[in-house]
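Just below is one structure, and these are the notes that go with it.
First the proteins, then the strands, lettered A, B, ... as listed; each starts at 1.
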Amino acid sequence: MNGDFALEVQDLHTHFFLRRGVVKAVDGVSFSVRRGEVLGLVGESGCGKSVTALSLLRLLPNEAARTVQGRVLLDGEDLLGKSDRQMRQIRGRKISMILQDPQTSLNPVFTIGNQLSEVIAKNGAGRGGSVMQQAVEVLRKVKLSAPEQRVQQYPHQLSGGMKQRVVGAIAMHRGPSVLIADEPTTALDVTIQLQYLNLLKDLQENTDMAILFITHDFGVVARMCDRVAVMYAGRIVETGPVREVFNNPSHPYTQALIASVPKMQRSAARLHTIEGQPPALSDLPEGCRFAARCPHAEARCQAAYPGAFTVGAEHAASCWRLEPA
Amino acid sequence: MQRYIVKRLFQGVLLLIIVSTVVFAVGRLTGNPVDLLLPEEASEEERQAMIETLGLDGPVLEQFVVFIKGAVQGDLGVSIRYRQPAVDVFFSRLPNTLMLMPAAMLLAILMAIPLGILSALRRGRLTDRISGTIAVLGIATPNFWLGILLIYLFSVQLGWLPSSRMGDWSHYVLPTITLGTFLVAGFMRLIRSSMLDILDSEFVKLARIKGLSEMKVVWKHCLRNALIPVLTLWGVFMGGLVTGTIVTETVFAWPGVGRLTYEAVIFRDYPLLQAVVIMDAVLILVINLVVDILYAYVDPRIRFT
Amino acid sequence: MRKLPWVSMLIIGGMVFAAIFAPYLTPYSPIEQSLPEKLLPPFWEAKGSTKYILGTDIFGRDVLTRLLYGARISLIVTGLSLLVGGGVGLAIGIASGYIGGRLDSLLMRLVDAAFTFPAILFALLLAVTMGQGLDTLVIAIGLLLWAGFARIIRGEVLALKQRDFVALAKVHGCSELRIMVTHILPNVMNTFMVLVTLNVGAVIVAEASLSFLGAGIPPPTPSWGLMVAEGRGKISSAWWLSLLPGIAITLVVLTFNLFGDWLRDRLDPKLRQL
Amino acid sequence: MKHHRSSIVYLLSLLIVAFAWTPLSAADQKGTLIVALESLGGQSMDPIQEGRPTNAHIQAPVFDSLLGYDYEKGGVGPGVAERWVLSDDGLSWTFHLRKDVKWHNGDPLTAHDVKFSLERTMSKDSLSSRRAQLRRNVVKIEVVDDYTVRIFTNGVQVHFPSGLSRSVFQEGQLMPKKYIEKVGEKEFRKKPIGSGPWKFVRSVPGDLIEYEAVDYPHWRGTPKYKKLLILLVPEESTRVSMVRTGEAAIASISPEAIQEAKAGNLKVMSVPATMQAIFQFWGLYQPQFKDSPLADVRVREALSLAINRQEIIDHVMYGQASWPMPFASFGYSVDMDAERWAKWSRHALRYDPIRAKQLLTEAGYADGFELNFANTALPGTPYMTQIGIAVADFWTKIGVKVKLTNYEWGAFRTLNRGEQKKLAGGASMFRTAGRPVAMSRYNVAFGTKSPHRLYGNADICTGICQTYKKMYAKQVTQQNPVKRAAMTDAIMGLVADSWVAVPILEGMGYWAINPEKVGAFKPIPGRHEFGDVFERIPRPEQKAWQ
């Protein structure tokens, strides 16, 4: 194993055990992120991206959801074997996350400063002035205007973009090895999205923090990420360096996704859409999960799931068409 | 905030006017207190004489004017039954009710918060089911029935507690339970359900991502938010509490305002009835105002708009 | 979702069945007296007999028969008062929420007033003023309900108003009334139904409480609340008089609440805070 | 604030009184007698502020009445006045007072107090229920000497004195002239003093009234207890529970609670003949009811015959009621042939459904008819509702389609005002209170200007109405007791045969008593209230129950 990996996920399975059956939201996902690297995790909504992220943090939403198999190595330590108490020590300090919706991720009844102070206190107080002064500093770092006032304010008094900066500040304050960003800009205005992405980039610079960047938007991936993993129906179907994947998408799903991204240069051109619906996660087919929607589907696609075939440097995809002859 | 309070106060005064007009009208529709002050043999002559003595002989509109004039000056008339200023009668009973209501509320809060939180945290498990059943039972059991059963069991059969009336602490036990039960149940369900919503919320996730302890997540981040709906529905609970005091005070011979309210209706003691209803309304308004302020304290979204 | 609440449905079904077929289920009349046979205990007690399975009351009437007919009264009172109170609340809620403006603030002040004023006091006043009876009781309990309905339905309508289909209907030139009836109303029916089931228990308890205070269904009509009230002084000498109808009330209210919870989770989960 | 200050002053003064004033000799007075009642009325201790019978509970311990009771038979007996005499011309009554009566502050009670009390009772501010009548009847009150009072009446008033006994009304209660004039009305209401065997201590509105026994021999009887506590406990089951747990010694109950009380090993005391439950037909004289089934006297008699009174007595009243006398009369009633009427009622009020059916058939209503029946219960006798339900059931059994409506008493009372629209042409429950003079009650029911006017009003008064009117006018002015009794009997016969107001049963006052808390005692016949009995109740060790 490469010691440079901040996070390695191996064969992760997270299932929801419901009355009407087992929903295999994450069904054998493997990927890894190097220190200082940004890995994009891309896919349609409902393909299991967020569940993957929550599985890594061991914060699955309710008791029906369980990670049943796999390993999550953070700096070489398997998180799945940790006790709840140990996990609390790890969360925030070694692995952290920015949630999707800035409107709801801050507690409405406490001030910004109060919510920041919790992580500041965790980091050990007494470094660099009072907690509130530190909080102001933290906000300044995320380029929030008038930070002295902001610490006194409540979340509803801030705009969505400001809130997301606060959330980012909270998530990154303790300098985690891995930061998961779960569609952090989806809920923001287009103009602010870009600012926020740049901010994330800036903050990551000069640190060796790895970022797992979850999104459904290939355009964002192109801007943010070093490598990308494409997820479909609970599995990764293609991984590779961003440029590689963009130039040479190998899985039909990836191809369709990239084709559906609007390109400024070709604004007049018709956008591609993917016909059909992804399979129900409670009733997955034996074979390739994309087969039903795939223009190239063959008989063997129905019969068995393809393995990951290498198509280039660090670039692999799960499609029978890529099987070496 | 100040403007908000002023606005609420203004609304309160408006409400008081509506309420007192309605009471004045409804109280006078049928039934006359004089009939209830006289024995059944009394003649029309006696009746007329007493109507004059009590000043009930003018036209209704005139009486209304007199009533409003007095009310503005804080004089709500003389109780027909007690022959004392109605406001005095009300205030002589108020402390007794004010001993009972907070006790019931305290019981409700002390029981409902831990139980509600526990059952939300243990959703679907045995703890949740047991406390859920207790909650629904609490709502389903009419409190007069509960009161009678409690008296029979704990006073008559076991002899542990006094059956009624005011006295030392032991007198408070049964009425408090009787009055508090439905509140416990109501609060508990409310806290449980809002806790469930909150536990699923993003900010709780973020609190966990921060690595906060479970105690801090539950008691700091969840509880305060979970109390918001309790405060929102406070008005409804107040209504229930007033109803509860009428029944509970009757069962336990508790000399409070609830019992007084019932008497005022039954005996058509117009001045007393008006006083009781208006003072009740004032009381509820004041409590609601306090709750509103509390609400604004708990929920900054209210405070700053 | 949650599985069907079989037990609740069975009990509710049984109650409805008893209410409809009460005359065929028992050979006795709920009202006709048989004074020499008064206060017989249920059959398992020493002096009881299987002639009167659950014993007799102070007038020698069969307690089981009165419980069965009482189910009928409870359902009628509950149904009518929910229809009246809920209906008024529904109408006011829709009008207030949809039309908005001054009407809205006026109606909402009225709702506030209703919450300030102890509703039971109104009910008492009404019963005392109009005389006891089914109509009085229904109006009284209706008065107790409407404000709660109105407030929640209004909230619902406010959200609905923003939805596209309403705008679409407006574009098509539908009248306001028509929009309220054909577009808004069907969309709040789920909420309404959930509110109705959740309030059944409250109504039954309210009926019982009013009977206890002497302002409910007048005797000799059998109502469970009245039966508890009539038997309350006899707990040690004739426990079955107040205990059995009390249990019936508790059981049915419990059942309706559980059913209401289930229905709410099915139809309108966002109402969970009720 | 003001309220607070005054109560502090009040408490302080109570304390001072308690320390400064130690009883001289009260060796045989100990313990507290605790009584639980369903109502304390207005809880006013001023006799002119209370027009209801509750005064006989809560005011009677403190105040004496000009006339008292016949403790054995019930009815009027000597009170503060030992003798009372009608003048030969019939226009004045002379009352001779006891000389050993004193107020709680030590002043002697004199004729001046009597005059003062009666005038106060008649004054503008008085809520006394018969104030208007007293004003009309009294011409002048004259103090003959310190212990003699003469009252001149408006015409001959043969029953005048009975109204001054608590066995009938409360107008005879005596109040201290000097004290009231000295301290003022307001202070008197706060700290009332009387001449009764109990001194007022305090009154907590809606909760209790506390009394303390006088420490000298009292003519009504010297209290055996040191203190008397009257508690307000509206809920009956709670009252019974309190007696069972010993929290109270005595509680008023309704017949329904008798079994429950006995189950708890309590003594149940029934005070005989406190009321008569009746049903009566309203407004039948009105022209629109000329052809109503009820206009036929046979139908009305049939309705009486349809009722099994013994069954109601045994089962609704748990055996604690008795067979009624004719309308508004009791065993202790004056001016009538009690023996004759007892015999009459045994036969006339019998249960005879066959005869009832036969009468209905004769009248042409073999298949029954519709009857509106207004059911109600008067204060103090809640069991009337149950009697009404039982009566309705008996009527249903002979084929009458009874439409039963229940009215809370306050609502019912408005029905008989004005045109009596809701009652006219139908029947209702009613009662007559246990009073020794029947005739005034007859006038309440049948007088043309009376509240009920069952025979006719001022405009429509023919036939029986006219007859009654004439007979009544003669009876009330007849000074000769023998002739008066004959006239009374004649009126009673007229009413009995008209079947318009029909007795159902004679009710009693019921009490649950904890025999470990009080000893055996006797009530006053006809009077449910215990205000004149408390001083006669022994402690358990003094006189045990068998």
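For D:Glu247, the part lying under 4.5 angstrom from a heavy atom of chain B is the side chain only. Both the backbone and the side chain of D:Arg431 come within less than 4.5 Å of a heavy atom of chain B. Using a 4.5 Å cut-off between heavy atoms, D:Ser126 contacts chain B through its backbone alone, with no side-chain atom that close. Contact of D:Arg131 with chain B is made through backbone and side chain together, with heavy-atom distances under 4.5 Å. Neither the backbone nor the side chain of D:Ala445 comes within contact range of chain B; no heavy atom of the residue lies under 4.5 Å from a heavy atom of that chain. At a 4.5 Å heavy-atom cutoff, the contact between B:Arg259 and chain D is made by side-chain atoms alone. Only the side chain of D:Pro451 comes within contact range of chain B, judged by heavy atoms closer than 4.5 Å. In this structure, chain B has no heavy atom under 4.5 Å from any part of D:Arg239. Contacts between D:Phe412 and chain B at a heavy-atom distance below 4.5 Å are absent for every atom of the residue. The contact between D:Leu378 and chain B is made entirely by side chain atoms (from C-beta outward), counting heavy-atom distances below 4.5 Å. Both the backbone and the side chain of D:Arg130 come within contact range of chain B, judged by heavy atoms closer than 4.5 Å.
The most heavy-atom pairs under 4.5 Å with chain B, out of D:Leu231, D:Asp46, D:Asn416, D:Thr245, come from D:Leu231. Ranking D:Asp207, D:Val233, D:Leu415 against chain B, the residue ahead of the rest is D:Asp207, based on heavy-atom pairs under 4.5 Å.
Looking at D:Arg189 and D:Glu185, a side-chain N of the basic residue comes within less than 4.0 Å of a carboxylate O on the acidic one, giving a salt bridge.
Taking the six-membered ring where the residue is Trp, B:Trp254 and B:Tyr172 present perpendicular rings, their angle passing 60° and hence far from 30°.
Side-chain contact annotation: D:Asn443 with D:Ser450, donor-acceptor N/O pair under 3.5 Å absent.
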